[in-house]
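First the structure, in the form of structure tokens, and then the observations on it.
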Amino acid sequence: MSICGPFDPAFSDLPDVMPVFPLSGALLLPRGHLPLNIFEPRYMNMVADALGQDRIFGMIQPRPDQHKNYFMDPDHPEIFSTGCAGRITAFSETDDGRFLITLTGVCRFNVIEELPCTDGGYRMVRGDFSPWKDDLDIPADDTPINRDRLRIALEAYFAQHSLRSCWDTLADSDDEMLITTISMGCRLSPLEKQALLECTTLYDRGDMLTTLLEMAVHAGPKQVHGSAN
């Protein structure tokens with residue numbers, strides 16, 4: 001079922017070429033809301049240019065090498081082949097010269113090729129949205145997620161990290177928003193977040209998320225660090 005609203009792009013509106021923001025540990029999923037604090041000049045240029053056009057750019061993660069080092073080339077790291085395009089749905093400027101934006105996920109894409117950097121210094125790719133065009137539709141609920149198992153895993157994860165459980169707040173959400181909010185918000189590793197991004201179905205993502213939370217609780221607390229590239 002299509003969910004295209006008056007401000008939402010249709011599949012035919014998605015750009016063939018778009019800017020990308022490589023950010024380790026950042027996960028954007030369709031219809032998820034990602035707040036971003038933009039302060040690097042190249043990404044301020046990117047946001048300004050996007051605001052003057054279709055307000056769309058892609059979030060994508062740098063790809064680690066075999067030693068899981070995410071910062072081999074700080075200025076131009078290799079990126080994963082799949083990201084998610086988002087649309088700027090909220091924007092403000094700060095007194096100290098930063099942009100605060102909210103990026104709302106639209107559709108995942110596969111990178112066909114990377115193009116030369118723009119004059120503004122940010123990266124561009126040619127993307128293919130067709131493998132993920134179903135992202136523009138509300139996921140079917142033919143196979144509901146196991147909420148009881150997810151709740152137990154999430155509450156154990158929060159307890160381990162000395163965080164207050166948010167289950168009561170999330171419990172009334174539909175399956176997609178529940179899984180999207182937890183997937184984007186939890187401190188999972190970049191590789192784990194990439195695996196969640198590339199799940200084919202909502203049920204698969206819910207099952208993987210629950211398993212990752214269970215594994216994190218079993219392994220003990222860990223720190224995840226990210227940086228823009």
Side-chain angles (χ1 to χ4, degrees), residues 7-9 14-15 17-65 68-109 111 113-127 161 163 166 180-194 196-197 222-229:
F7 299 108
D8 297 317
L14 297 176
V17 173
M18 65 184 158
V20 289
F21 185 7
L23 185 59
S24 182
L27 174 62
L28 180 66
L29 294 170
R31 288 169 290 284
H33 304 290
L34 181 65
L36 292 169
N37 175 15
I38 308 295
F39 56 88
E40 288 189 51
R42 54 181 163 171
Y43 297 122
M44 293 187 70
N45 291 337
M46 179 189 71
V47 169
D49 289 346
L51 287 169
Q53 300 174 21
D54 54 14
R55 292 197 274 173
I56 291 176
F57 63 87
M59 292 299 302
I60 198 162
Q61 292 198 100
R63 183 190 293 274
D65 63 14
K68 296 186 178 180
N69 174 13
Y70 290 84
F71 310 108
M72 303 78 67
D73 180 351
D75 292 324
H76 204 91
E78 183 181 356
I79 54 178
F80 277 103
S81 58
T82 301
C84 184
R87 183 173 176 273
I88 299 171
T89 52
F91 167 83
S92 64
E93 301 177 7
T94 67
D95 291 339
D96 59 355
R98 294 174 290 117
F99 291 155
L100 301 178
I101 69 172
T102 298
L103 196 67
T104 299
V106 175
C107 186
R108 289 170 288 177
F109 63 90
V111 176
E113 63 173 332
E114 183 164 357
L115 305 174
C117 286
T118 66
D119 292 340
Y122 55 86
R123 298 167 69 170
M124 299 284 291
V125 301
R126 190 179 306 280
H161 289 79
L163 299 172
C166 62
T180 295
T181 301
I182 298 172
S183 296
M184 290 177 57
C186 282
R187 298 175 183 175
L188 300 172
S189 75
L191 285 175
E192 290 168 337
K193 291 204 169 187
Q194 188 67 26
L196 289 170
L197 174 69
K222 61 181 178 179
Q223 297 294 323
V224 177
H225 302 282
S227 176
N229 292 285

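Along the sequence shown, residues are numbered consecutively beginning with 1. Just so it is clear, the model here is predicted, and its values are computed rather than measured.
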Given 3.5 Å as the limit, does a donor-acceptor pair link the side chain of [X] with the main chain of [Y], or not?
X	Y	result
Glu192	Arg187	no
Arg108	Leu197	yes
Lys193	Cys186	yes
Gln194	Gln61	no

What heavy-atom pair brings [X] and [Y] nearest, and what distance separates the two atoms?
X	Y	answer
Ser24	Pro190	OG-CG, 3.4 Å
Gly105	Leu28	N-CD1, 3.6 Å
Phe99	Met44	CE1-O, 3.5 Å
Ile56	Pro9	CD1-CG, 4.2 Å
Val20	Met46	O-SD, 3.9 Å
Leu103	Gly86	CD1-C, 3.5 Å

Is the closest side-chain heavy-atom distance between [X] and [Y] below 4.5 Å?
X	Y	answer
Leu191	Phe80	yes
Arg123	Ile79	yes
Tyr43	Leu36	no
Ile88	Thr102	no
Pro19	Thr118	no
Leu14	Cys107	yes

- request: Determine, stepwise, if the pair Phe57 / Asp49 fulfils side chain to side chain contact (heavy atoms under 4.5 Å, CB included).
  value: CA-CA 10 Å; Phe57 63 87; Asp49 289 346; over 6 Å; no
Separation of [Y] [atom2] from [X] [atom1] (nearest 0.5 Å):
X	Y	atom1	atom2	value
Thr180	Leu34	OG1	CG	12.0 Å
Arg98	Glu93	CZ	CD	11.5 Å
Ile101	Leu51	CD1	CG	7.5 Å

field: Exceeds 12 heavy-atom contacts within 6.0 angstrom, atom CG of Asp96
entry: yes
- prompt: Within a radius of less than 6.0 Å around CG of Asp119, do more than 12 heavy atoms belonging to other residues, nucleotides or ligands occur?
  reply: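 Atom CG in Asp119 is not packed in, count stays at 12 or less.
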- request: Step by step, work out the side chain to side chain contact (heavy atoms under 4.5 Å, CB included) result for Cys117 and His76.
  value: CA-CA 10 Å; Cys117 286; His76 204 91; 4.0 Å; yes
message: Run Leu115 and Val125 through side chain to side chain contact (heavy atoms under 4.5 Å, CB included) and show every step you take.
response: CA-CA 5 Å; Leu115 305 174; Val125 301; 6.0 Å; no
message: Which residue is it: Arg87, Arg31, Arg55, His33? I am looking for the one with a side chain to side chain donor-acceptor pair (under 3.5 Å) to Thr104.
response: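 For Thr104, the side chain to side chain donor-acceptor pair (under 3.5 Å) test succeeds with only one of Arg87, Arg31, Arg55, His33, which is His33.
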- prompt: Which is it for Ile60 and Phe109 under the side chain to side chain contact (heavy atoms under 4.5 Å, CB included) test, yes or no, and what are the steps along the way?
  reply: CA-CA 10 Å; Ile60 198 162; Phe109 63 90; 4.3 Å; yes
